[in-house]
Amino acid sequence: MKACIFHDIGPGHRDRKIFEIVEHAYGQHAHAIVYAPSEARAAVIDRFLWILRQESFIPHKIMLKDEADASVPVAIVTTEINPIDAGILIADGHCSLKYAAGFETIHEFVDRSSAEIQEACRERFRGYRERKIAVEHLKE
């Protein structure tokens with residue numbers, strides 16, 4: 001059954017949480033996509049995955065084209081592609097619900113930076129429910 005987890009954490013903790021989710025997926029031998037809203041944000045996530053824990057390297061790559069590469073367990077993308085046939089999506093930005101629904105497990109982040117953005121998060125929550133995707137809200 002498909003599932004979406006909304007992580008309700010402070011904005012200063014998002015990068016660490018992305019790392020934790022990626023690390024867990026990698027430990028389970030699962031492929032994961034990190035969807036970034038821009039190339040600049042993709043570069044920040046890439047750097048964070050390199051430096052957070054020196055002792056636990058997680059192979060990953062920024063992939064800007066939909067060229068299949070199953071040897072990469074974690075891909076950071078800025079467009080709605082899945083070049084590594086991943087089952088896990090970590091949505092750092094808002095991608096389409098159609099794209100997100102193509103994954104077995106979806107991780108989203110609650111963003112309370114403005115009323116409009118918070119309402120967009122609520123709309124996404126409702127959108128997943130309408131698609132019969134199990135939704136969980138984790139206050140962390």
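All values below were derived from every heavy atom in this structure, side-chain atoms included, with hydrogens, water molecules and symmetry-related copies excluded.
Judged purely by atom type and a 3.5 angstrom limit, R129 has no side-chain atom pairing as donor or acceptor with the backbone of V135.
Distance check: C121 SG to H94 NE2 gives 4.0 Å after rounding to the nearest 0.5 Å. Note that CD1 of I81 is 10.5 Å distant from NZ of K65, once rounded to the nearest 0.5 Å. We find the NE2-NE2 distance between H7 and H137 to be 10.5 Å, quoted to the nearest 0.5 Å. Going from atom CZ of F6 over to atom CD1 of I106 covers 8.5 Å, rounded to the nearest 0.5 Å. Note: E23 CD to R16 CZ = 10.0 Å, rounded to the nearest 0.5 Å. In this structure, I88 CD1 and H107 NE2 are separated by 6.0 Å, a value rounded to the nearest 0.5 Å.
For D8 and K17, the salt-bridge test fails: no basic side-chain N is under 4.0 Å from an acidic carboxylate O.
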Begin with the C-alpha distance, continue with both residues' side-chain angles, and end with the deciding distance and a verdict on side chain to side chain contact (heavy atoms under 4.5 Å, CB included) for K61 and D69. CA-CA 10 Å; K61 182 177 179 182; D69 189 349; 3.9 Å; yes
What verdict does the side chain to side chain contact (heavy atoms under 4.5 Å, CB included) test give for C4 and E108, after you've listed the backbone C-alpha separation in whole Å, the side-chain angles of each residue and the deciding distance to 0.1 Å? CA-CA 7 Å; C4 179; E108 292 256 1; 3.8 Å; yes
Run the numbers on E123 and R126 for side chain to side chain contact (heavy atoms under 4.5 Å, CB included), then give the verdict. CA-CA 5 Å; E123 285 294 322; R126 287 188 288 271; 2.5 Å; yes
V110/F125 under side chain to side chain contact (heavy atoms under 4.5 Å, CB included): CA gap, chis, key distance, verdict: CA-CA 10 Å; V110 176; F125 190 94; over 6 Å; no
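Hydrophobic clustering keeps I84 apart from V74 (ILVMFWY residues linked when any side-chain heavy atoms are closer than 4.5 Å, directly or through intermediates). Under the 4.5 Å side-chain heavy-atom criterion for Ile, Leu, Val, Met, Phe, Trp and Tyr, V22 and I9 are members of the same hydrophobic cluster. Follow the hydrophobic side-chain contacts under 4.5 Å out from I5 and you never reach F103; the two are in separate clusters. Note: the hydrophobic cluster containing I90 also contains L64 (ILVMFWY, side chain heavy atoms under 4.5 Å, direct or indirect links). The hydrophobic cluster containing F19 also contains V34, counting ILVMFWY residues as joined when their side-chain heavy atoms lie under 4.5 angstrom apart, directly or transitively.
The two atoms that bring I76 and A36 nearest to each other are CG2-CB, 4.4 Å, heavy atoms only. Between F109 and R14, the closest heavy-atom pair is CB-NH2, 3.3 Å. P83 and V77 get closest at one heavy-atom pair: CD-CG1, 4.3 Å. The two residues E67 and M63 come nearest to each other via the heavy atoms O-CE, 3.6 Å. Between A100 and C95, the closest heavy-atom pair is CB-SG, 4.1 Å. In this structure, I117 and S114 approach most closely via the heavy-atom pair N-OG, 3.2 Å.
P73 has its side chain out of reach of I58: every pair of non-hydrogen atoms, C-beta onward, lies at least 4.5 Å apart.
Note on residues 95-105: pairs passing side chain to side chain donor-acceptor pair (under 3.5 Å), not counting sequence neighbours, are E80-S96. Sorted by first then second residue, the side chain to side chain donor-acceptor pair (under 3.5 Å) pairs that include residues 28-39, not counting sequence neighbours, number zero.
H13 NE2: 12 or fewer foreign heavy atoms inside a 6.0 Å radius.
The side chain to side chain contact (heavy atoms under 4.5 Å, CB included) search around L97 returns R124, Y128, R131, not counting sequence neighbours.
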